[in-house]
Structures are given as structure tokens and as C-alpha cells.
Amino acid sequence: MVRPVTSGVVPEGLSTPSTLVIADRLERNLASMASFAATIRTALRPHAKTHKCVEIANKQMALGARGISVATVGEAEALTAGARSASAGSAVDDVFVCYPLWPAGDLVDRLSVLAERVRVRVGSDSPDAVERLSALAGRIGVMIEVDCGLGRSGVPPSGALAVARAAERCGLAVDGVFTFPGHGYRPGAAEAAAADEVAALDEAAGILNEQGFDGLERSGGSTPTARKSTAGGLTESRPGVYVFNDAQQVELGVAGFADVALVVAATVVSRPARGRIVLDSGSKVLGADRPAWSTGHGRLLDWPDARIVGLWEHHAVVSLDGPVPSLGEVVAVLPNHVCSAVNLVPEMLVVDDGHIVDAWPVAARGANR
Ligand SMILES: Cc1ncc(COP(=O)(O)O)c(C=O)c1O
């Protein structure tokens with residue numbers, strides 16, 4: 001019979017489902033990645049799509065991050081509001097949109113406004129996309145995306161030169177190359193993915209160097225690979241999930257249960273059969289991501305043997321043997337993919353020692369363009 005662990009993170013009397021940030025764990029995760037990056041002399045540019053929150057971005061900046069990474073111009077806008085102004089607001093003054101933007105609609109105008117208040121770099125993987133940015137020459141930098149094995153966006157390293165030449169023709173600065181080693185998101189795959197990312201960035205940067213492009217950034221990173229990096233491999237690292245961790249990181253062995261800093265507090269609303277309980281945290285609050293290798297739709301912080309085996313919009317069906325939480329008990333759920341869970345709520349309640357101490361808006365919630 002497996003006894004439950006008692007973390008004591010969930011405050012009494014909470015309405016559920018509620019998305020909670022566990023303050024001391026968050027601080028620990030932030031500080032530990034900042035210090036790791038400093039040890040290997042790599043600039044940290046955390047991916048803010050995980051938290052979408054000005055308060056957390058400011059903490060990252062205070063711990064020495066050079067700026068933030070984002071996936072969309074909308075995230076950049078939301079997370080830099082008030083930057084460089086005298087009034088309180090974001091402390092972020094440097095943003096990298098690490099996504100192969102297709103500049104159309106209002107995107108160039110919005111990038112132009114953004115570049116007036118913060119330093120801006122954008123990702124690109126084609127001469128055509130770069131040419132559409134030419135109105136921003138002298139005002140933003142281009143980072144060329146290369147594929148290191150994920151098979152998503154990004155040219156092969158040998159294709160970086162054509163993109164760089166297009167930027168040069170338009171008068172746009174080529175600031176460097178970047179990649180995402182997302183094929184490290186499988187059990188046992190992170191080490192090889194980290195090696196692939198360095199190899200692809202080295203190859204692309206080497207080709208560009210030979211053609212006279214110098215001072216190039218080599219930007220990589222994901223949470224599973226971040227700590228596999230060594231000095232001299234990358235110039236910049238972009239992990240995002242590390243701030244909170246989630247069930248995926250636990251099952252990959254990247255984090256332990258005690259490193260998970262975001263949970264969804266959920267009530268046991270039904271115990272319909274032996275070994276089965278039902279929680280009020282469905283896919284509308286946990287998110288529905290489920291990689292093929294995962295053991296279910298999420299985990300329970302204090303019940304390590306429990307698995308969420310079924311997920312509906314407002315029901316999470318949990319399977320576990322032995323003692324089970326009582327009807328009406330509030331448990332802490334680890335979403336599989338924390339970035340998706342954060343994007344589903346307007347604010348995160350901050351808890352410290354079992355008490356709510358703050359509520360942080362998810363400022364860039366839904367900022368998908
Ligand atoms: C381009 C890019 N960079 C960095 C990251 C951050 O990696 P992780 O989510 O593993 O922290 C992501 C995540 O999707 C990404 O797509």
C-alpha cells in the first residue's frame with residue numbers, strides 16, 4: 001500500500017479548479033537555471049510562452065536574463081508593456097521572437113512599434129520572409145532558424161547562407177542562428193538532442209563566418225536539454241518550462257515532484273468505483289496535450305502512483321490502487337504540459353506555505369499572433 005505524500009501546498013477553502021504557483025519552488029527553479037547558465041557562461045533568454053506573466057519575466061530579468069524569448073509578436077507586446085518607462089511595468093528590454101514569422105497583415109507595423117521601446121530580434125528561415133521585413137532594416141535583427149533534428153521549421157545548416165544573403169541585401173542585421181532541440185522530448189533522448197543542436201548551430205555559423213558574417217549568436221535550448229549544455233556550446237539558452245516543470249518533465253526524469261511549481265488544485269467530485277476517482281479539473285483547465293510516451297493526462301503531487309487515465313472538458317478520471325483521496329478532498333494536479341495549462345486561465349494564484357499571497361495575471365494569455 002503506497003502512502004500519500006503531504007506537500008501542504010493547497011490552501012484551505014479554495015474554490016476549484018484553481019491554478020496555483022508555489023512561490024518557493026518557483027524562486028528555486030528560477031535561481032537554479034540562472035546560476036547554471038552563469039556557470040557555463042551562456043546568456044539565458046527564457047522562453048516566456050510558458051508563464052506569459054510580467055511578474056515572472058521581471059524576476060527572470062532580475063536574476064540576470066539578457067531578455068526573453070517569445071513565440072508571437074502579441075506575447076512580446078503583452079510582456080514588454082511599460083518597459084523602459086518610468087512607471088512600474090515590465091523590466092524586459094530585449095525580446096527574441098524565436099519563430100519563423102511570416103510578415104503580413106499588421107505584423108511589420110507592430111514590430112516597428114515594439115522596436116521603439118525594446119530591442120527586437122525575429123526568427124526567419126526563408127529569403128522570402130526576410131524580404132518582407134526590409135522596412136525594419138536597421139531597427140531589428142534577424143536570427144536564422146536551422147533544424148537540428150526535430151523536423152519542424154528551420155532550414156538545414158547549409159541553407160542558412162541564402163537567408164543571410166537576403167537579409168544582407170535588405171540591410172537587415174544577421175544577429176545569429178537558432179534552433180530548437182524538441183526531439184529531446186522523449187525518454188532518454190535529451191543528451192543526443194543537445195549534441196545535435198550544438199552541431200547544427202556550429203555548422204550554420206561556420207558557413208556564415210566563412211562568408212564574412214561574424215559575431216553570430218548561437219541560440220538553442222529547451223528544458224530537457226538545457227542542463228546538458230556545456231561552456232562554449234551555445235551563446236544563448238532559451239528554456240521555458242523549467243520555471244514550473246510539469247508531468248512531462250517528471251516522467252522524462254528532468255524534474256522531480258518537488259520541483260513542480262505550478263499545480264491545478266482540483267476537488268474529488270466522485271468516487272464511483274474502487275480505484276477510480278473523478279476530479280473537477282478537465283481539459284479546459286489542464287490542457288489536453290498527451291505525448292505517446294506519457295503514462296496519462298497528468299499526475300497528482302501527493303499521490304505519485306495515481307494516473308489521470310481519462311480526460312473530458314470538466315472531468316479528470318484518476319486511477320490508483322490502495323488508499324484514495326476522500327470525496328470533497330482537494331488535490332494538486334500536475335498538468336502534462338504546463339504552457340498549455342497556463343494559457344487557459346486569466347490569472348495564477350501565488351501560494352506560499354499553504355496561503356494565497358498574490359494573484360498574477362496571465363498577461364499574454366491567448367496572444368497567439
Ligand atoms: C523555439 C523554441 N525555443 C525554446 C522553447 C522552450 O523549450 P521548453 O518548452 O522545453 O522549455 C520552445 C518550446 O516549445 C521553442 O519552441
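Nothing here was measured: the structure is a model prediction, and the numbers come from that model. Whatever order the structure lists them in is the order used to number ligands and atoms, beginning at 1.
- Using a 3.5 Å distance cut-off with no hydrogens or angles, the side chains of S124 and R132 do not pair a donor with an acceptor.
- Under the 3.5 Å distance criterion, with hydrogens and angles disregarded, no donor-acceptor pair is assigned to the side chains of N368 and T72.
- Annotation: salt bridge (charged side-chain N to carboxylate O under 4.0 Å, His left out) contacts of D147 (sequence neighbours excluded): none.
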Give a table of atom pairs where an N or O of ligand 1 lies under 3.5 Å from a protein N or O.
{"residue": "ligand 1", "atom": "3 (N)", "partner": "R238", "partner atom": "NE", "Å": "3.3"}
{"residue": "ligand 1", "atom": "3 (N)", "partner": "R238", "partner atom": "NH2", "Å": "3.0"}
{"residue": "ligand 1", "atom": "9 (O)", "partner": "K49", "partner atom": "NZ", "Å": "3.1"}
{"residue": "ligand 1", "atom": "10 (O)", "partner": "Y185", "partner atom": "OH", "Å": "2.6"}
{"residue": "ligand 1", "atom": "10 (O)", "partner": "T223", "partner atom": "N", "Å": "2.8"}
{"residue": "ligand 1", "atom": "11 (O)", "partner": "T223", "partner atom": "N", "Å": "3.3"}
{"residue": "ligand 1", "atom": "11 (O)", "partner": "T223", "partner atom": "OG1", "Å": "2.6"}
{"residue": "ligand 1", "atom": "11 (O)", "partner": "G240", "partner atom": "N", "Å": "2.7"}
{"residue": "ligand 1", "atom": "11 (O)", "partner": "V241", "partner atom": "N", "Å": "2.9"}
{"residue": "ligand 1", "atom": "14 (O)", "partner": "K49", "partner atom": "NZ", "Å": "3.0"}
{"residue": "ligand 1", "atom": "16 (O)", "partner": "R152", "partner atom": "NH2", "Å": "3.0"}

N/O donor-acceptor pairs under 3.5 Å from side chains in residues 60-71, not counting sequence neighbours:
{"residue": "Q60", "atom": "OE1", "partner": "H51", "partner atom": "NE2", "Å": "3.0"}
{"residue": "Q60", "atom": "NE2", "partner": "Y242", "partner atom": "OH", "Å": "3.1"}
{"residue": "R66", "atom": "NH1", "partner": "E217", "partner atom": "OE1", "Å": "3.2"}
{"residue": "R66", "atom": "NH1", "partner": "E217", "partner atom": "OE2", "Å": "3.2"}
{"residue": "R66", "atom": "NH1", "partner": "E236", "partner atom": "OE1", "Å": "2.6"}
{"residue": "S69", "atom": "OG", "partner": "R45", "partner atom": "O", "Å": "2.9"}

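- Shown here are the ring-ring contact (aromatic ring centres under 6.0 Å, His included) partners of F178, two or more places apart in sequence or in another chain: F96.
- Side chains of S340 and D289: a donor-acceptor N/O pair is present below 3.5 angstrom, by distance only.
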